[in-house]
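Data block below; observations after.
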Amino acid sequence: MQPLFLYNTLTRKKEEFKPIKPPLVGLYVCGPTVYSDVHLGNCRTFISFDMIYRYLVHIGYKVRYVRNITDAGHLEGDRDEGDDKFAKKAKLEQVEPMEIVQKYTVGFHDVMQAFNNLPPSIEPTATGHICEQIEMIKEIIAKGFAYVVDGTVYFDVEKYNKDFSYGQLTNRKLEELLEGTRELSGQDEKRGRLDFALWINAKPETLMRWPSPWGWGFPGWHIECSAMSSKYLGDVFDIHGGGMDLQATHHTNEIAQSQACNHKAPVNYWMHTNMLTVNGARMSKSAGNGFLPGELFTGDHPLLEKGYSPMGVRFFMMQTHYHSTLDFSNEALQASEKGFERLMESHNTLQTLKAGTTSSEDIKALQQKCYDAMNDDFNTPILIAHLFEAARIVNSANDNKLTVTQNDIDTLKNIYQHFVFDVMGLKKEEENSKTTAVLDKVIHMVLDIRNKAKVEKNFPLSDEIRNKLTDAGVQIKDTKEGSSWKI
RNA sequence: GGUCCUGUGGCCGAGUGGCUAGGCUCAGCUCUGCAAAAGCUGCUACAGCGGUUCGAAUCCGCUCGGGACCUCCA
């Protein structure tokens, strides 16, 4: 296996990836909180990690990919009052909290499928792991890094920082973190400003609550990921991923919880995907500048000029490195849509490409370049650049401007299959095969008539047929072998 | 206010101390009855000012612009 390098947030360096027990790899990614529709920023993270997962599998690793569903305990702010997001939404919509969870979980899965994301190996829910979370909190208290106030359990950050380093993931010292000039409001219970809740006391009217050694309540936001990742991947595992916005708070606290429990750093490689922006500003729930995946597909949103296919959007995302911000604009989206079509078209051409006896191209070298790109921190933009080189070779060979052997063609087919479809997870847009078959016959009938007109040099008629087909959305391609069409 | 990231040609976006990524757009050419498609060619950029270096878009400093985190968010 060739060495794979990835950027590790923990060390702020590109490092060679060395799993704990090859070929096994443990991968944990923070999943969605299912109290509303997923928005596009979440999708970018999940699409990026889907690509990473696919590549790890492609190069031979046996990956256990865990992505959680947060369906409880996620408070608005770290206050020890009020309901969690699900209960709030449930009261608003006059339904059971678990109805909210169910509705948006199903919606989330639909979107993941539309983007052709593979399902994770395990998709655990927070509500399904209350016991594990309670056990972990008990352990943290036993180790002396948490305290209880009126049925709420807090993590003692300053005490923890004496033995370990709290801000290591963001490269910050505790004193710096404490220096923030934020007002201390409604936080009288907590000993330290940075302390966060592990378990939150709940009043009887709270809809979602569970019994615990500290009374009825519900878990804090950060504990679920620590409890579930260690349950399914072990106390120390290979890769933990998520959006960059989780780095400073959520992931920092995850490390603290696990380390307080086991006295071991839980994760060897932390990977963070960058944010999605719209007109230069981060797309976020609170900013309200986002659109939903569904709106993106249909184009039904003021910011969108038209609808964009899920695969076009996925390709667009792949053209930017996962670690860079990605700005959404109609212009950029349409540009990459065209590029994607051209790449797919060249794949069609490849299927009927005729082999020559000599070769003028080094296809094996091109294939190696594709691996080099991916091995360098999953550099899909570079990979795509090489794939367009492959497309150029295919098209040129098809025009008899260069020659490739059967061996080359087989390698090219492998390149497309492995990198375009298997690793980047792109696929050709679904067509209704039955309808398409009929349509194909009809259009070929029309093209036959047009060809007769052309032979008779009745160009006004042949052009009229072509123009009308174009108006109907059918593009005609004339070649020496005859005419073909596409939508 | 604190911490950090970033500024690339018409647009989007990679990237390494020296060998012009790629896509889209635009112009020209080849092919074609004309187009389209495809191929070829051209448009050759790295915010500004200093510094290090034989050589910097790539390293350092300053200035200006954009953004993120510190508060729920992937």
Side-chain angles (χ1 to χ4, degrees), chain A residues 12 29-33 35-36 38-49 74-79 85 167 170-173 176-183 185 194 221 241-250 272-277 280-287 290 315-316 319-321 323-329 331-340 342-343 345-346 349 369 373 376 379-389 391-392 394-402 454 457-460 462-463 466-467 470 475-480 483-486:
Chain A
R12 291 170 295 285
V29 174
C30 294
T33 305
Y35 67 95
S36 64
V38 244
H39 83 121
L40 217 53
N42 303 48
C43 293
R44 148 110 122 144
T45 295
F46 303 136
I47 288 170
S48 294
F49 281 104
H74 200 162
L75 274 178
E76 316 228 15
D78 199 29
R79 303 288 193 73
K85 283 181 175 172
T170 44
N171 192 26
R172 300 177 67 180
K173 294 190 176 71
E176 292 170 4
L177 289 166
L178 286 167
E179 267 173 23
T181 52
R182 300 251 157 205
E183 288 296 311
S185 60
L194 293 169
W221 172 36
M244 270 181 191
D245 51 345
L246 298 183
Q247 189 180 327
T249 308
H250 181 55
H272 289 96
T273 56
N274 214 320
M275 299 293 105
L276 197 63
T277 61
R282 174 180 166 193
M283 187 188 276
S284 75
K285 287 177 185 174
S286 45
F315 182 76
F316 172 65
Q319 277 192 306
T320 304
H321 192 259
H323 209 263
S324 303
T325 54
L326 171 64
D327 195 53
F328 245 70
S329 70
E331 211 179 357
L333 223 33
Q334 284 165 29
S336 91
E337 198 171 50
K338 283 183 188 169
F340 179 52
R342 196 161 80 83
L343 192 63
E345 202 51 42
S346 71
T349 305
K369 282 183 188 171
D376 185 14
N379 199 324
T380 51
I382 294 287
L383 169 64
I384 288 172
H386 295 318
L387 290 172
F388 275 111
E389 172 70 9
R392 205 204 89 243
V394 168
N395 288 330
S396 293
N398 195 47
D399 287 355
N400 297 315
K401 293 200 173 103
L402 53 82
K454 279 172 71 178
K457 303 229 183 269
N458 185 355
F459 295 126
S462 72
D463 286 353
R466 185 177 64 202
N467 290 340
T470 305
Q475 191 182 77
I476 302 305
K477 216 193 299 187
D478 289 337
T479 63
K480 287 179 189 103
S483 302
S484 62
W485 66 277
K486 69 166 187 167

| field | Residue A:Phe388, side-chain atoms from C-beta onward, closest of B:A74, B:G23, B:G33 | value | B:G23
| request: Tell which nucleotide pairs with B:G1, taking only Watson-Crick or G-U wobble pairs whose two distances are both under 3.5 angstrom. | output: B:C70
| message | Considering every strand and a 4.0 Å limit on heavy-atom distances, what is the contact class for A:Ser324: base, sugar-phosphate, or nothing? | response | sugar-phosphate
| query | Now, which nucleotide makes the Watson-Crick or G-U wobble pair with B:C26, with each of the two distances under 3.5 Å? | reply | B:G42
| message | Taking pairing as Watson-Crick or G-U wobble with both contacts under 3.5 Å, can you name the mate of B:A21, or confirm there isn't one? | response | none
| task | Mind checking A:Ser462 for me? I need base, sugar-phosphate or nothing, with any heavy atom below 4.0 Å counting as a touch. | result | base
| task | Mind checking A:Gly41 for me? I need base, sugar-phosphate or nothing, with any heavy atom below 4.0 Å counting as a touch. | result | base
| query | Where the side chain of A:Arg392 is defined as all heavy atoms beyond and including C-beta, which of B:C40, B:A21, B:A74 is the nearest nucleotide? | reply | B:C40
| query | Does a salt bridge link A:Glu389 with A:Arg392, judged by any charged N lying under 4.0 Å from a carboxylate O? | reply | yes
| field | Sugar-phosphate only, base, or nothing, as touched by A:Met244 at under 4.0 Å among non-hydrogen atoms | value | nothing
| query | With a 4.0 Å cut-off on heavy atoms, is A:Asp245 in touch with a base, just the backbone sugar-phosphate, or nothing at all? | reply | base
| task | Mind checking A:Asn379 for me? I need base, sugar-phosphate or nothing, with any heavy atom below 4.0 Å counting as a touch. | result | sugar-phosphate
| query | A:Phe459 on top of B:G33's base, within under 5.5 Å and under 30°? | reply | yes
| query | Rounded to the nearest Å, what distance is computed from the CZ atom of residue A:Phe316 to the P atom of nucleotide B:C24? | reply | 15 Å
| task | Quick one: label A:Thr320 by what it contacts on the DNA or RNA (base, sugar-phosphate, nothing), any heavy atom closer than 4.0 Å. | result | sugar-phosphate
| request: Please state whether the phosphate of B:G39, meaning OP1 or OP2, lies under 4.0 angstrom from any side-chain nitrogen or oxygen of A:Arg342. | output: yes
| Base, sugar-phosphate, or nothing: which does A:Gly31 touch, judged by heavy atoms less than 4.0 Å apart? | sugar-phosphate
| field | Complementary nucleotide of B:G7, counting Watson-Crick and G-U pairs under 3.5 Å | value | B:C64
| Most 5' of A:Gln334 and A:Glu345 on RNA chain B, judged by nearest nucleotide | A:Gln334
| message | Work out how far the C1' atom of B:U8 is from that of B:C46, and round it to whole angstrom. | response | 4 Å
| said: Would you say the ring centers of A:Phe316 and A:Phe328 fall short of 6.0 Å from each other? | reply: yes
| said: Using a heavy-atom cut-off of 4.0 Å across all strands, would you classify A:Ala332 as base, sugar-phosphate, or nothing? | reply: sugar-phosphate
| message | Work out how far the C1' atom of B:A35 is from that of B:U30, and round it to whole angstrom. | response | 15 Å
| query | Between atom NZ in A:Lys457 and atom P in B:C34, what is the gap in whole Å? | reply | 10 Å
| request: Just name whichever nucleotide pairs with B:C31, Watson-Crick or G-U, keeping both distances under 3.5 Å, else none. | output: none
| message | Considering every strand and a 4.0 Å limit on heavy-atom distances, what is the contact class for A:Asp463: base, sugar-phosphate, or nothing? | response | base
| Between A:Ser324 and A:Asn274, does any side-chain donor sit less than 3.5 Å from a side-chain acceptor? | no
| task | Give A:His250 one of three labels, base, sugar-phosphate or nothing, depending on what nucleic acid heavy atoms sit under 4.0 Å from its own. | result | nothing
| task | Output yes when at least one side-chain N/O atom of A:Asn398 is less than 4.0 Å from OP1 or OP2 of B:A38, else no. | result | no
| said: What's A:Ser336 touching, base or sugar-phosphate or nothing? Going by heavy atoms closer than 4.0 Å. | reply: nothing
| message | Base, sugar-phosphate or nothing for A:Leu276? Non-hydrogen atoms, less than 4.0 Å. | response | base
